[in-house]
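One is the number of the first residue; the rest follow in order along the sequence.
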Amino acid sequence: MFTKASTPVRRMFRAATVTVAAVAMLTTATACSNGSSGGDGQIAIISKGYQHQFWKAVNKGAQESATELGRTITFEGPDNETQVEKQVQLLQTALDRNPSAIAIAALDSAAVAPMLQQAKDRGIPVVAFDSGVDSDIPVTTASTDNKAAAAEAAKHMVQLVGGNGEIGVVAHDQTSKTGVDRRDGFVDWIKANAPGIRIVDVQYGGDPSKAADLAATMLQAHPNLVGLYGTNEGAATGIVNAAQRSGRTNLTIIGFDSGAAQIDAIRSGLMAGAITQNPEGIGRETVAAAVKAIKGESLPKAIDTGFYWYDRTNIDDPKVAGSLYR
């Protein structure tokens, strides 16, 4: 049987309630002063895929950085870089886990925009990496300056073909910022600086088999091509395969990224050279930036992770070799 509490007891209860509330407010204030953004403590990293060694190298750098900083990460991506809807699903699933931060290399900026807005509304900091995101929501972007890197590839192409002739481009996609910047950086530099060069075709396919088919068709349609440029590992590898099948050993091929096939092609002379990013560095910088964002620390709008041109003359240079992956 319950009886109504006496006045002294009610006063004691109210006092205890006030004390508990005060402690809760103090705890919350302390958490905020320490820059904690809440969440499950994890950093959810959504990449563009797993089919290239590049993403494995990014993952390696991210895992190393997380271990050094005492953080836990998840690293996920679709099976290939054409699966925009799959990436959107992975991002939504990551959001549902309520991570402390999200890092995203968007296949399609418009497709992920609603989820990034969700993250912002919930106070989850977003870090962009590699391709970045065409949005103001990410607190920073850790990536190669892809336009500058593509311009460097263009400079070498013009030099290698003697400043004259027809050039073709196989870009890995036309929706990600990486795909657009690596295409435009190359094309724009040639248009502005190489009047003797004519870019006769730009096609899109980052998968080696699709890129090979595109390159083969391009070679048939334009028998006077002197050079082909592939904007990622898959595109460049596909171009090499197409050139081998067609017997076009005189074609100047320039790639982007690294991987065993490109390294072997450069050593053998099938490929003139390529631009390499610093994939492990991208992973490390991404996690480091996410940790700072969780703590409420300020970050620059962009973190340039660097790039190198490599060919047979410098492929074993320690500075370059450290950024290559097989």
Side-chain angles (χ1 to χ4, degrees), residues 47-61 79-81 130 144 146 149-150 152-157 159-161 167-173 178-179 182 186 203-219 225-283 306-326:
S47 77
K48 293 166 77 174
Y50 268 117
Q51 81 276 34
H52 296 151
Q53 292 298 316
F54 177 85
W55 298 114
K56 295 179 181 179
V58 173
N59 187 12
K60 181 174 182 290
D79 294 331
N80 62 65
E81 294 181 24
D130 183 60
T144 305
N146 282 292
E152 184 68 18
K155 293 175 190 177
H156 285 277
M157 176 68 82
Q159 181 181 6
L160 288 165
V161 301
I167 299 293
V169 176
V170 179
H172 56 283
D173 66 54
T178 299
R182 292 184 192 176
F186 184 89
Q203 295 293 329
Y204 299 92
D207 176 77
S209 60
K210 182 177 181 180
D213 291 340
L214 292 170
T217 301
M218 208 180 295
L219 287 168
L225 275 179
V226 296
L228 276 171
Y229 163 61
T231 65
N232 77 346
E233 178 189 343
T237 300
I239 290 171
V240 170
N241 292 339
Q244 283 185 292
R245 290 202 297 263
S246 67
R248 289 292 303 274
T249 56
N250 62 333
L251 189 70
T252 298
I253 301 171
I254 287 178
F256 213 111
D257 293 327
S258 183
Q262 284 201 86
I263 290 172
D264 292 345
I266 288 172
R267 289 192 184 280
S268 69
L270 290 170
M271 183 181 288
I275 298 291
T276 182
Q277 303 182 82
N278 180 7
E280 289 189 23
I282 290 174
F307 64 86
Y308 297 102
W309 163 263
Y310 69 105
D311 55 26
R312 294 172 73 177
T313 68
N314 70 343
I315 195 169
D316 293 317
D317 184 321
K319 182 173 64 175
V320 173
S323 295
L324 301 179
Y325 57 90
R326 295 192 67 88

For Asn241 against Ala212, the heavy-atom pair lying closest together: CB-CB, 4.4 Å
Point-to-point distance, once rounded to the nearest 0.5 Å, from NE2 of His156 to OG1 of Thr252: 13.0 Å
Validation row: Tyr308, Leu324 side chains within 4.5 angstrom (heavy atoms): no
Asp264/Arg326 salt bridge by N-O under 4.0 Å criterion: yes
Minimum-distance pair of heavy atoms, taken over all atoms of Leu251 and Val226: CD1-C, 3.6 Å
Sub-4.5 Å side-chain heavy-atom contact between Val58 and Asp130: no
Heavy-atom check, side chain of Asp257 versus side chain of Arg182, under 4.5 Å: yes
Value rounded to 0.5 Å, distance of CE in Met218 from CD1 in Ile167: 11.0 Å
Heavy-atom pair of closest approach, residues Ala211 and Gly234: CB-O, 3.8 Å
Where Gly168 and Leu225 come nearest, the two heavy atoms and their spacing: N-CD2, 3.6 Å
Value rounded to 0.5 Å, distance of CH2 in Trp309 from CG in Asn314: 9.0 Å
Thr231 (side chain) donor-acceptor with His172 (main chain) under 3.5 angstrom: yes
Spacing of Asn278 atom CG and Thr276 atom OG1 [to the nearest 0.5 Å]: 7.5 Å
Side chain to side chain, Phe186 and Ile254, heavy atoms closer than 4.5 Å: no
Spacing of Ser209 atom OG and Leu214 atom CG [to the nearest 0.5 Å]: 9.5 Å
Any Asp173 side-chain heavy atom under 4.5 Å of Asn232 side chain: no
Leu270 side chain near Ile253 side chain, heavy-atom distance below 4.5 Å: no
Qualifying salt bridge (charged side-chain N to carboxylate O under 4.0 Å, His left out) pairs with a residue from residues 205-219, counting only residues at least two apart or across chains: none
Heavy-atom closest contact (Gly230 atom, Ala235 atom, distance): CA-CB, 4.0 Å
Any donor-acceptor pair under 3.5 Å from Gln262 side chain to Phe256 backbone: yes
Side-chain heavy-atom pair Ile282, Phe54 within 4.5 angstrom cut-off: yes
Heavy-atom pair of closest approach, residues Ala242 and Ala216: CB-N, 3.8 Å
Minimum side-chain heavy-atom gap Thr144-Thr178 below 4.5 Å: no
Partners meeting side-chain hydrogen bond (donor to acceptor under 3.5 Å, both in side chains) with Glu81 (sequence neighbours left out): His52, Trp55
Gap between atom OG of Ser323 and atom CG of Asp317 - 0.5 Å precision: 10.0 Å
Positive for side-chain contact (heavy atoms from CB on, under 4.5 Å) with Tyr325, one of Glu233, Lys60, Gln277, Lys56: Glu233
